[in-house]
Amino acid sequence: MSARVLTVMLNNGRMMPAIGLGTSMSKGDECVVAVKAAIDVGFRHIDTAYFYRNEEAVGQAIRAKIEEGVVTRDELFVTTKLWNTFHNPEHVSQALDKSLEYLGLDYVDLFLMHMPFGYKFIGWDPEKRMPFDENGVLQFSDVDFVDTWKAMEKLLETGKVRSLGVSNFNSDQIERILAECKVKPVTNQVECSPRINQKKLVEFCKARDITVTAHSPLGRPHLFEKDPENKPKPVLDDQKIIEMGIKYGKTPVQIVLRYLVESGVIPVPKSTSVEHLKQNLDIFDFELSSEDMEVLYGFNTNQRMVGFSRLVGHKYYPFNTEF
């Protein structure tokens, strides 16, 4: 590898690289090129999802790099996610099989429940992933996520999944899983960045030997460009972080990613630039001072960039609690 990447031991004894490549909104040839480049520079943790519509592209890139001898399958940590329309327990196994078919892989290292809330099942057409009615209203399912999780547990017996986790769950929802199910999630993937540092949720999960994975770790700065009046200014442009980067000889992105790692979080930033991919990995050769960590914690406003506003009325909407 071009950079030394630390790993984190999960509660089932398996190892997970402490940083991964996010692929949300990356599609087609762009996605293939990005994943190939990421593997070439040293990424071994790739995060995708059925909903991203890029499992085929991700799988194509992975298989190409395995065939080239750049990496072996055992050296990679591949994550995908159970989509919301497949929460009914009878659909869970087939949903995994669909993802494996698109990826062209025999197994995934981590299978996450993408959300705690379900949508109405609308079949297996890959072009239909959001069940809107004729009025454009999203159709919910009230399937209990505990029942979905119990169906996911059975997948561990098939060899098609190595670890199970959740995504966008609050602390109460995790407690229900722990109280009513047999298998403890290895991670909870949530939005986490200096603007929403999830400190209480991270502490809650850590106390239960559950890691936290950070999607949108850089705060989705592209959304600010589209809607600057209603979105917080990206912390990457803040003078304090710029000066911190100069102090450590790092970029603002590297400062933020290092802050998350030191906070006990596993970031999965998205990038398609080879230079940025290299920089994203190059965060394990320095440590932030406690004073600088406090400065970074001070950016927290708890403002979400991903709030699932259409789901506010769902019985399992996760963001009505403090954490």
Side-chain angles (χ1 to χ4, degrees), residues 1-8 17-22 24-26 34 37-38 41-43 45 47 189-203 205-206 211-307 323:
M1 291 189 188
S2 58
R4 179 178 63 93
V5 178
L6 299 181
T7 56
V8 175
I19 186 170
L21 174 72
S24 174
M25 296 179 290
S26 180
V41 303
F43 274 90
H45 174 182
D47 183 274
Q189 183 176 128
V190 295
E191 180 181 356
C192 185
S193 71
R195 290 288 188 206
I196 177 166
N197 63 32
Q198 302 280 12
K199 192 170 184 179
K200 289 186 177 180
L201 183 61
V202 171
E203 291 171 353
C205 289
K206 184 178 180 180
T211 63
V212 170
T213 304
H215 74 70
S216 312
L218 304 176
R220 296 199 169 193
H222 63 284
L223 294 181
F224 175 82
E225 295 172 2
K226 293 179 181 178
D227 187 16
E229 293 185 4
N230 297 311
K231 295 291 187 293
K233 183 179 179 181
V235 295
L236 299 175
D237 297 336
D238 191 279
Q239 192 61 32
K240 292 178 183 177
I241 292 183
I242 292 171
E243 291 175 0
M244 217 177 280
I246 295 170
K247 171 183 173 181
Y248 290 98
K250 297 291 182 178
T251 67
V253 168
Q254 289 171 316
I255 294 297
V256 169
L257 293 177
R258 181 66 202 182
Y259 152 76
L260 290 169
V261 167
E262 289 191 31
S263 300
V265 173
I266 301 166
V268 286
K270 173 183 178 286
S271 180
T272 56
S273 158
V274 173
E275 187 57 35
H276 290 166
L277 288 167
K278 289 179 180 177
Q279 291 175 1
N280 290 354
L281 277 187
D282 191 21
I283 60 170
F284 297 99
D285 60 349
F286 76 108
E287 291 185 8
L288 296 168
S289 69
S290 57
E291 293 79 11
D292 288 333
M293 286 293 289
E294 285 303 313
V295 170
L296 284 154
Y297 277 124
F299 282 101
N300 185 62
T301 61
N302 282 326
Q303 184 173 356
R304 298 181 184 277
M305 301 297 281
V306 188
F323 66 93

I would like to know whether Phe284 and Leu257 meet side chain to side chain contact (heavy atoms under 4.5 Å, CB included); could you show each step before the answer?
CA-CA 10 Å; Phe284 297 99; Leu257 293 177; over 6 Å; no
Sorted by chain and residue number, the side-chain hydrogen bond (donor to acceptor under 3.5 Å, both in side chains) partners of Ser24 (sequence neighbours excluded) come out as none
Heavy-atom pair with the smallest gap, counting every atom of Asn300 and Arg195
OD1-O, 3.2 Å
Residues, nucleotides or ligands: over 12 heavy atoms within 6.0 Å of Lys206 NZ
no
At what distance, to the nearest 0.5 angstrom, does NE2 of His45 lie from OG1 of Thr213?
6.0 Å
Taken in chain and number order and not counting sequence neighbours, the residues that satisfy side-chain hydrogen bond (donor to acceptor under 3.5 Å, both in side chains) with Lys200 are Glu322
With sequence neighbours left out, write down each residue that passes side-chain hydrogen bond (donor to acceptor under 3.5 Å, both in side chains) with Glu287, or none if nothing qualifies.
none
Does a side-chain heavy-atom distance below 4.5 Å link Ile19 with Val261?
no
Test log, rule side chain to side chain contact (heavy atoms under 4.5 Å, CB included), inputs Tyr248 and Ser289:
CA-CA 10 Å; Tyr248 290 98; Ser289 69; 3.6 Å; yes
For side chain to side chain contact (heavy atoms under 4.5 Å, CB included), just list the numbers for Leu296 and Ile255, CA-CA rounded to whole Å, side-chain angles, deciding distance to a tenth of an Å, and then say yes or no.
CA-CA 9 Å; Leu296 284 154; Ile255 294 297; 4.1 Å; yes
Step by step, would you call Ser263 with Lys199 a side chain to side chain contact (heavy atoms under 4.5 Å, CB included)?
CA-CA 8 Å; Ser263 300; Lys199 192 170 184 179; over 6 Å; no
List in chain and number order the residues that pass side-chain hydrogen bond (donor to acceptor under 3.5 Å, both in side chains) with Lys250, two or more places apart in sequence or in another chain; answer none if no residue qualifies.
Asp282, Asp285
Restricting to side chain to side chain contact (heavy atoms under 4.5 Å, CB included), what partner residues turn up for Thr251, sequence neighbours left out?
Val253, Gln254, Gln279
For the residue pair Tyr297 and Tyr259, categorise the inter-ring angle as parallel (less than 30°), tilted (30 to 60°) or perpendicular (more than 60°).
perpendicular
Mind checking the CG-OG spacing from Leu21 to Ser26? Nearest 0.5 Å is all I need.
7.5 Å
Only pairs under 3.5 Å count here: list side-chain donor-acceptor contacts from residues 238-245, not counting sequence neighbours, and write none if there are none.
residue: Asp238; atom: OD1; partner: Lys240; partner atom: N; Å: 2.8
residue: Gln239; atom: NE2; partner: Glu243; partner atom: OE2; Å: 3.4

What's the separation between atom OG in Ser216 and atom NZ in Lys270, rounded to the nearest 0.5 Å?
11.0 Å
Taking all heavy atoms of Pro217 and all of Pro267, pick out the closest pair and write down the distance.
CB-CB, 3.9 Å
How far apart are the closest heavy atoms of Asn197 and Cys192, and which atoms are they?
O-SG, 3.5 Å
What heavy-atom pair brings Glu262 and Leu288 nearest, and what distance separates the two atoms?
OE2-N, 2.7 Å
Counting distance only, does the side-chain N/O of Glu191 pair as donor-acceptor with the main-chain N or O of Met305 below 3.5 Å?
yes
Heavy-atom closest pair (Pro269 atom, Asn280 atom, distance to 0.1 Å) is CG-ND2, 3.9 Å
If I take atom CD from residue Gln189 and atom CG from residue Asp47, how far apart are they, to the nearest 0.5 angstrom?
4.5 Å
Heavy atoms of Leu260 and Ser193 approach each other most closely as CD2-CA, 4.2 Å
